[in-house]
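First the structure, in the form of structure tokens, and then the observations on it.
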Amino acid sequence: MAEFNRNLDQDEVDFLMKLFLKAFKRWNESDDVDKGRTRFRIIGRLHLLPERVQQEAKALMERTKNYGPYTVNVAAAYGGREEVTDAVR
């Protein structure tokens with residue numbers, strides 16, 4: 001995660017990863033996501049995230065891929081020109 005965390009100390013990165021994991025797990029377990037038919041997209045360099053965070057993110061995106069009309073975009077491991085290009089694709 002060199003590009004992602006170059007300006008953050010390790011405690012900040014660890015906190016953010018725990019926060020992402022907690023949020024993705026909560027959304028994966030929530031019936032409200034199904035009721036609201038909310039689609040989730042996690043954009044950025046997911047391969048730079050810890051494996052467990054990647055798993056939860058991918059599960060959430062898979063679970064909600066056919067939902068709409070609302071979409072929540074979460075930018076993770078995001079911060080450069082390549083990530084902007086990826087997000088547009």
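- Contact detail for L49 and Q54: the closest heavy-atom pair is O-NE2, 2.6 Å.
- The side-chain heavy atoms of V33 and T64, taken from C-beta on, include a pair separated by under 4.5 Å.
- With contacts defined as side-chain heavy-atom distances shorter than 4.5 Å, the pair L21/K25 qualifies.
- Between I42 and A76, the shortest heavy-atom contact is CG2-CB, 4.1 Å.
- In this structure E12 satisfies the salt bridge (Lys or Arg N to Asp or Glu O under 4.0 Å) test with no other residue, sequence neighbours excluded.
- Side-chain contact between N73 and F40: absent, with no pair of heavy atoms (C-beta onward) separated by less than 4.5 Å.
- Residues M61 and L46 meet the side-chain proximity criterion, which asks for heavy atoms closer than 4.5 Å.
- The side chain to side chain donor-acceptor pair (under 3.5 Å) search around E56 returns N28, R52, not counting sequence neighbours.
- D11 contributes atom CG, which lies 11.0 Å from atom CG of L16 (distance to the nearest 0.5 angstrom).
- Within a 6.0 Å radius of CZ in R37, other residues, nucleotides and ligands contribute more than 12 heavy atoms.
- D34 is linked by a side chain to side chain donor-acceptor pair (under 3.5 Å) to R63, Y67, counting only residues two or more places apart in sequence or in another chain.
- Between W27 and V74 there is a side-chain heavy-atom pair separated by less than 4.5 Å.
- Looking at R41 and T71, their side chains come closer than 4.5 Å, going by heavy atoms from C-beta outward.
- In this pair, F20 and F24 present their aromatic rings parallel. The plane angle is below 30°, not in the 30 to 60° band.
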